[in-house]
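Atom set for the values below is all heavy atoms of this structure, side chains included, hydrogens, waters and symmetry mates excluded. Residue numbers start from 1 in every chain, and the chains themselves are labelled A, B, ... in the order their sequence lines are given, proteins ahead of strands.
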Amino acid sequence: MAELNLPARVRFAPSPTGHLHLGGARTALYDFLIAKQTGGTFILRIEDTDTKRYIPEAEDELIKGLRWLGIEFDEGPGKGGPYGPYRQSERKEIYFEFAEKLINSGNAFYCFCTAEHLSKVREVQQKNKEPIHYDGTCRDLSVEEARKRIAAGETYIIRFRTPKTGTTTVRDHLRGDITVDNRVLDDSILVKSDGWALYHLAAMVDDHLMKITHVIRGSEWLPSFPLHGLICRAFGWQEPVWIHLSLFLKPSGKGKMSKRESAEAIKDGYSIFVKDLEDLGYTPEGVVNWIALMGWSYDDHTEFFTLEDLIDKFNLDRLNPSPAAINFTKLDHFNGLHIRNLSDEELAIRTKPFFESAGYAPSLTKLTQIAPILKERLPTLDEVVEIAGFFFKDIILYEAEDLIAKGLSKEQCAKVIEQAYETLTNLPEMTKDLAEPLLRNLVESSGYSARQVFGILRVAITGQKVSPPLFESMEIIGKETVLERLMKARKLLK
RNA sequence: GCCCCCAUUGUCUAGUGGCCCAGGACGUGGCCCUCUCAAGGCCAAAACACGGGUUCGAAUCCCGUUGGGGGCACCA
């Protein structure tokens with residue numbers, strides 16, 4: 001139904017006011033997917049007409065976030081393209097020109113109302129429990145008279161002239177036709193008194209000029225959707241396919257993510273910001289898989305998707321219009337899935353920075369070596385330090401009492417360590433194949449359980465009660481260090 | 001207050017009139033595997049918001065109610 005055989009031209013149009021968050025990432029992802037899928041074009045457009053909210057670093061952050069996720073744009077700031085410039089701040093004159101066209105066609109009018117007048121009107125309407133509307137003071141001013149006032153130096157804005165009667169019907173790809181009574185529509189401002197266009201005008205003009213075929217945006221735009229349809233029609237333009245994505249709700253399902261909620265999430269090791277997720281040890285693969293599935297499904301059972309899979313399988317017709325509560329524990333699941341899907345070499349590369357920021361300097365070779373036993377124990381990459389730090393420590397620290405297995409005396413445990421040392425010391429090299437049978441014999445002859453014996457050795461060798469498999473770990477640590485650590489443990493129990 | 005959107009287990013979802021006393025996944029509980037932790041395997045509990053229609057037959061279509069979400073800026 002979306003005519004996706006044709007190359008799609010889609011755009012992600014954030015305003016540079018902060019970091020890339022989950023909602024934006026998912027919109028950009030879907031844009032990217034249908035562009036790639038149809039051999040089309042993915043455009044990044046920066047909507048920076050609001051100079052008050054502008055944050056200089058934000059554009060760069062946004063692009064970095066997208067890149068980290070694997071989403072590259074074809075046209076945009078810094079990259080160029082045939083329909084630039086791609087920052088709205090560089091297109092001011094274009095919007096003004098189109099606003100004039102609307103004035104001339106009678107679809108817009110100049111307005112000289114002051115902010116004081118407007119707020120007074122709003123106040124009265126609020127008190128009377130009426131819908132809040134522009135009162136129409138300047139609506140019927142003649143263009144000639146208005147231009148005279150402008151020439152005289154009066155400040156003005158430009159408003160859209162919304163029809164007062166009838167209804168407007170617009171079509172959303174997920175929801176079908178949406179019809180509203182024109183009486184509830186407002187004469188929205190198109191151009192501010194400082195000469196900057198507002199979203200309603202700027203976005204419509206750009207989408208048309210940039211030949212956008214599909215507009216994918218959040219459903220917070222639904223209320224102004226009829227206005228946008230009206231603006232396109234006033235210009236006589238063909239409308240794109242409109243797709244309003246469901247909103248992401250906070251984990252409780254009550255309302256969208258607030259600053260407060262974001263702070264809460266960070267405390268639990270989660271975040272709605274892509275940059276944070278990266279620092280927290282999430283993989284782009286996991287995040288992409290997770291957000292792709294919030295509001296979209298492929299079938300009734302397939303859940304594992306790589307970006308490549310998604311380019312192949314994504315389909316606008318399988319989007320779900322209902323709001324979705326964010327579920328971070330499911331992100332953990334997807335992240336684990338994709339970590340296990342990484343090659344040993346790749347996992348080594350990904351975990352290295354986390355070791356480094358914890359003060360270790362592991363080699364890629366060693367990291368690749370431990371990758372197999374780490375893979376299935378990592379919900380997030382940053383946990384490598386806690387799980388596998390002992391591989392890179394010169395000295396491991398633990399309490400003597402940790403060496404004492406449940407049900408055994410200090411002396412008995414010391415004996416176990418001694419015996420382990422004696423058997424292991426004769427080995428030509430410390431391999432799992434050589435060490436394991438011998439230590440299992442030791443378990444047998446000691447009369448203790450494997451759990452008890454290996455528990456003691458685990459603490460002695462790794463310094464941890466929980467660790468990757470003992471024999472594999474011993475092999476990687478090497479004979480010399482293993483024996484050293486056993487010796488120290490034995491002394492500790494004296 | 002006004003307008004718009006949405007409504008299947010705790011959560012993400014499949015389901016487009018009979019295949020559904022509702023399928024998958026996360027999470028939860030149990031069991032198995034097991035040197036710890038994981039991973040993996042098996043099993044279990046858990047949902048069609050409510051009320052009216054339409055129809056031989058409704059989770060699926062229509063209406064209403066309720067609930068939830070969003071929007072009502074010289075922000076995007």
* To do: Classify the nucleic acid contact of A:Val180 as base, sugar-phosphate or nothing, counting any heavy atom under 4.0 Å across all strands shown.
  => sugar-phosphate
* To do: Using the ring pair (Phe, Tyr, Trp, His ring centres under 6.0 Å) rule, take A:Trp196 and A:Phe96 through it: C-alpha gap first, then chi angles, then the decisive distance, then the call.
  => CA-CA 8 Å; A:Trp196 285 102; A:Phe96 195 78; over 10 Å; no
* Please give the nucleotide sitting opposite B:rG1 as a Watson-Crick or G-U wobble pair, both distances under 3.5 Å, or none. => B:rC72
* Hey, what's the ring geometry for A:Phe328 with A:Trp290, parallel, tilted or perpendicular (30° and 60° as the breaks)? -> tilted
* Under 3.5 Å on both distances, the Watson-Crick or G-U partner of B:rC37 -> none
* **Ion pair A:Arg45/A:Asp207, N-O distance below 4.0 Å** => yes
* Asked: When rounded to the nearest Å, what value does the distance between C1' atoms of B:rG71 and B:rC56 take?
  -> 45 Å
* To do: Take atom P in B:rG10 and the same atom in B:rG52, then report the distance between them in whole Å.
  => 24 Å
* Structure fact -> In 5'-to-3' order, the base (B), backbone-only (S) or no-contact (-) status of each nucleotide in nucleotides 22-35 of chain B, using a 4.0 angstrom heavy-atom cut-off, is -BBBB--------B
* Check: A:Val205 and A:Met210 side chains under 4.5 Å, non-hydrogen atoms -> no
* Structure fact -> Whether each nucleotide of nucleotides 70-76 of chain B has a protein heavy atom under 4.0 Å at its base (B), only at its sugar-phosphate (S) or at neither (-) is summarised, 5' to 3', as BSSSBBB
* Asked: Does the separation of the ring centres of A:Tyr199 and A:His228 fall below 6.0 angstrom?
  -> yes
* B:rC42 to B:rU54 separation - C1' atoms, rounded to the nearest Å -> 45 Å
* Asked: For the residue pair A:Phe314 and A:Trp296, does the interplanar ring angle fall in the parallel (under 30°), tilted (30 to 60°) or perpendicular (over 60°) class?
  -> tilted
* Asked: Below 6.0 angstrom between ring centroids: does that apply to A:Phe98 and A:His208?
  -> no
* Asked: Rounding to the closest angstrom, what is the interatomic distance between B:rC6 and B:rC21 at atom C1'?
  -> 28 Å
* Below 6.0 angstrom between ring centroids: does that apply to A:Phe454 and A:Phe471? -> yes
* Using the C1' atom as the reference point in each nucleotide, state the distance between B:rA14 and B:rU8 in Å, no decimals. => 10 Å
* **Distance, C1' atom - from B:rG27 to B:rG67, rounded to whole angstrom** => 24 Å
* Asked: If you pin A:Glu376 and A:Pro323 to their nearest nucleotides in RNA chain B, which one's is more 5'?
  -> A:Pro323
* Pairing residues for A:Glu154 by the side-chain contact (heavy atoms from CB on, under 4.5 Å) criterion, not counting sequence neighbours -> A:Phe112, A:Arg149
